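One-based numbering along the sequence shown. Both counts, for ligands and for their atoms, begin at 1 and track the order of listing. All values derive from a computational prediction rather than experimental measurement.
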Amino acid sequence: MLDLCSPAVIRDIQTRYGFSFSKALGQNFLINPTVCPRMAEACGGEGCGVLEIGPGIGVLTAQLALRAKKVVAVELDKRLVPVLGETLAEFPHVKVVQGDALKLDLQELIGREFPGMQVSVCANLPYYITSPVIMALLEQRLPLTGITVMVQKEAAARITAAPGTRQCGAISAAIHYYARPETLFAVSRGSFMPPPEVDSAVIRLTLREKPAVAVSDEALFFSVVRGAFSMRRKTVLNCLSAAFRLSKEPLKLAMEGVGVAPASRAEQLTLPQLAALTEAVQGLLPQKGGE
Ligand code: SAM
């Protein structure tokens, strides 16, 4: 097996394939040999399928292949497809799919590629698409057991913060709705080639069998969450009144009616309170399809 963590091996691949790192595609490849085995261990073992997003030259893919029954790796950069053909040649149970993980029909891909298998996602992605990718995976209700992903250190703290605590943001509330997030370990910027300007952490989201709270209108729940967190210094009353163009007095009464203090800040609210707030807002909105 090629030592894909070795900068010399990476430089050799670059020379032979005329490959240069793309900043636009967030290509910072892992060179710390301890990171990929630890990420791969978090993805379930024998008999499991793993969908990897952004394999790069395959350093994490190889570690996943050593442990999983099947790995499907989705890579956007066409230039890396022949490279992956070489670096993963010894793993017949690895399939590389060239495409954009945000545009592919992953529901269909998982059904086709992993019949009867428990499937998880593993990814070391460009930081600017980690949140959109995580949310897309969750919102599509893909049949996944978990998502193990490298994120910027600060994003890890934000994502794993429990609703009702100071670091919580709209993304933490949305993620806790679908999953139980935890930080597994920290990764320094020196673990990558070229090194990024920030440190990282690997987080794991264990998907819940059903959402953490029941809401009658999921789309409205997420609008309420986004609205409540839209202006961090303002009260939830002010945020929601602005977000939904609602008069303050009836909104205040509706909030009190569901037991949420109008003067509270979004980061003080638990998921059940955010769900209750959704029902309060729903009662004040014009009925869909109504006059
Ligand atoms: N997994 C490799 C590693 O750990 O060394 C590469 C990680 S690098 C940070 C991110 C990879 O994601 C790159 O190979 C990049 O081309 C790929 N990528 C970027 N956007 C993508 C997208 N929308 N869909 C699939 N892959 C993408």
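For Q98, the side chain to side chain donor-acceptor pair (under 3.5 Å) test picks out no residue, with sequence neighbours left out.
No more than 12 heavy-atom neighbours from other residues, nucleotides or ligands sit within 6.0 angstrom of CZ on R166.
With respect to the salt-bridge test (charged N to carboxylate O, under 4.0 angstrom), the residues R67 and E41 qualify.
Sequence neighbours left out, the pairs with a member in residues 244-258 that pass side chain to side chain donor-acceptor pair (under 3.5 Å) are N238-K248. Judged as a ring-ring contact (aromatic ring centres under 6.0 Å, His included), the pairs with a partner in residues 158-207 (not counting sequence neighbours) are, in order, Y177-F221, Y177-F222, Y178-F222.
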Starting from the N and O atoms of ligand 1, find every protein N or O within less than 3.5 Å and list the pair with its distance.
| residue | atom | partner | partner atom | Å |
| --- | --- | --- | --- | --- |
| ligand 1 | 1 (N) | G54 | O | 2.8 |
| ligand 1 | 1 (N) | P55 | O | 3.4 |
| ligand 1 | 4 (O) | N124 | ND2 | 2.7 |
| ligand 1 | 5 (O) | L30 | N | 2.8 |
| ligand 1 | 14 (O) | G56 | N | 3.4 |
| ligand 1 | 14 (O) | E75 | OE1 | 2.8 |
| ligand 1 | 14 (O) | E75 | OE2 | 3.4 |
| ligand 1 | 16 (O) | Q27 | NE2 | 3.0 |
| ligand 1 | 16 (O) | E75 | OE2 | 2.6 |
| ligand 1 | 23 (N) | D100 | OD1 | 2.9 |
| ligand 1 | 24 (N) | A101 | N | 3.0 |
| ligand 1 | 26 (N) | L76 | N | 3.3 |

Determine, stepwise, if the pair E52 / K95 fulfils salt bridge (charged side-chain N to carboxylate O under 4.0 Å, His left out).
-> CA-CA 10 Å; E52 188 192 1; K95 180 168 178 175; over 6 Å; no
